[in-house]
Amino acid sequence: MFFILLTGMLILFVVGTTLLLNGEPVFGSIAAGAGILLLLFVLIYYGKKKYRKKKYDCTPDCDCGPDCDGGPDCDCGPNCN
């Protein structure tokens, strides 16, 4: 999703700049403005996403012993709910 938004943002910047240079100030400024809005959305959304992972409660899972049957809960890693 990040790369799709990044590609769209770059396309809007290129189209906006091209239209501005070719004498279409209305459509060029609309495209450039949409590119700036997309840049802000990407920065804000993915900036907050980095901190969302820390909110989950991860407790260590160390109930794997010699009687563990090799199931998915026998990795002694954290259980994140």
Side-chain angles (χ1 to χ4, degrees):
M1 181 75 177
F2 173 78
F3 292 108
I4 293 172
L5 292 173
L6 185 68
T7 304
M9 180 194 64
L10 289 173
I11 289 171
L12 285 172
F13 280 141
V14 169
V15 168
T17 305
T18 304
L19 287 173
L20 284 172
L21 292 176
N22 286 336
E24 294 285 336
V26 175
F27 294 117
S29 60
I30 289 173
I36 291 171
L37 288 176
L38 201 56
L39 172 68
L40 291 174
F41 173 75
V42 168
L43 289 176
I44 291 170
Y45 179 74
Y46 283 102
K48 288 182 180 179
K49 188 175 180 179
K50 182 175 74 171
Y51 297 111
R52 273 191 246 162
K53 291 182 181 181
K54 293 180 181 179
K55 290 182 181 178
Y56 292 117
D57 184 26
C58 293
T59 57
D61 178 24
C62 286
D63 55 346
C64 55
D67 57 346
C68 189
D69 60 353
D73 202 26
C74 290
D75 58 352
C76 282
N79 284 339
C80 297
N81 297 327

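What you see is a predicted model, and the numbers here were worked out from it, not measured in a lab.
Placement of Phe2 and Leu40 within a single hydrophobic cluster is found when ILVMFWY residues are connected by side-chain heavy-atom separations under 4.5 Å, directly or transitively. Linking Ile, Leu, Val, Met, Phe, Trp and Tyr whenever their side-chain heavy atoms come within less than 4.5 Å leaves Leu37 and Leu39 in two separate clusters. Hydrophobic cluster membership differs between Phe13 and Ile11, with clusters built from Ile, Leu, Val, Met, Phe, Trp and Tyr side chains linked at under 4.5 angstrom.
The environment of Leu43 atom CG is dense: over 12 non-hydrogen atoms of other residues, nucleotides or ligands sit within 6.0 angstrom.
In terms of heavy atoms, Val42 sits closest to Leu5 at CG2-CB, 3.6 Å.
Tested against Thr17 for a side-chain contact (heavy atoms from CB on, under 4.5 Å), the candidates Leu20, Val14, Leu21 yield a single pass: Leu21. In summary, of the residues considered (Thr18, Leu19, Leu12), a side-chain contact (heavy atoms from CB on, under 4.5 Å) with Val15 occurs for Leu19 alone.
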